[in-house]
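Input: a single structure, listed below in structure tokens.
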Amino acid sequence: MIRLPGLIDPHVHVREPGQTHKEDWDSATQAALAGGVTMILAMPNTKPPIFDHLTLDLAINAARQKARCDYAQFVGAGPDNAAILPDLASKAAGLKMYLDSTFGELRLDDMTLWMPHFQNYPKGYPIVLHSESRTMAAGILFAAIYDRPVHIAHISLKEEILLIKAAKERGIKVTCEVCPHHLFLSKDDIPTISHGHPGRSEVRPRLATKEDIDALWQNLDVIDCFSTDHAPHVIEEKDSDNPPPGFPGLETLLPLLITAADLRRHRTRRVLTLDDIIQKSVINPRKIFNLPEQLETWIEVDENAKYEIRSADQFTRCGWTPFEGWKVKGRVRKVVLRGKTAVEDGKILVEKGYGRNIREP
Ligand SMILES: [Zn+2]
């Protein structure tokens, strides 16, 4: 049995408010705890999006009643809320900006709409960018111009990891995260994930090539955090004519990483170690997002337990996983959160509302 600190997932789509048939603060935080994650940072593209006082209160009130693990809620950048967001900064996980195409109130059509956010948002709290490929280069240029830290969400491409490496070497304040699905799945896996339902492999950023995956593994030291981008949609939606992009991920994060750590131990090239997992899933996110240490919090993992990933065993409401049938090692046996046993033998033992908003004094 190994003991690790509780993991932090800086990128989770809780789906509440607005789409609680996919997930809510209760089911998302149960999935988190079952996966050994004791703190989640929730994304703002809910319905409505979280982008002002009223909507932030809406999300936080739902979380206060239902969350079982600790959390904070991001606010989203829109075309006309840059003036009010600094007031909310101390209550929010950070500012999320969708620089590539998105819809509705969080859409930022041109770079003049990025500027006031980079100017106004307090530098002590991170700006997180959804920015792919060349858009990411523009985001890094903004970090340099405004001399402030930015964190790039879910990088997946060779060109992205290489550019972030070069930017870091020049002292630009950029950090990044990678999701397990971009480390373990490529375009070649699409037929297996799909099972005749092509919607199941839809995710943004899209699954990349083997060459991209290799570049991520070869530059593991450039990756600051592991995040899941847990983005649950129910199976009927994934199999429909208009499938929404996104994978669940909270419950598969740790076993996939532990299995990789074990496999790669025997290879000569880059090695993933337990220390890497602690660094990228606890220490770095704490630093980047200015998060408090969770006292008396740890997880116990049976490193040698071998099993098959099955959606039937999961707490997420969405009812499926792209890793169905994968043989993995490493089962979370126990989670202790702030002195209380939160998970034991597959059962969630803390009540709704036990989770704490880490941005509340
Ligand atoms: Zn996301």
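Atoms within a ligand are numbered from 1 in the order they appear, just like the ligands themselves.
- Side chain of E324 to main chain of S311: a donor-acceptor pair is present (N/O by atom type, distance under 3.5 Å, no hydrogens or angles).
- Note on H130: not counted as a metal contact of the Zn ion (ligand 1), no N/O/S atom lying under 2.8 Å.
- Ring pair F118/Y146 is tilted by interplanar angle, where 30° to 60° counts as tilted.
- Annotation for E251 and D313: closest pair OE2-O, 4.3 Å, computed over non-hydrogen atoms.
- In summary, an N, O or S atom of H13 is located under 2.8 Å from the Zn ion (ligand 1).
- Of all N/O/S atoms in D229, OD1 sits nearest the Zn ion (ligand 1).
- Between H13 and H11, the ring-plane angle classifies as tilted under the 30° and 60° cut-offs.
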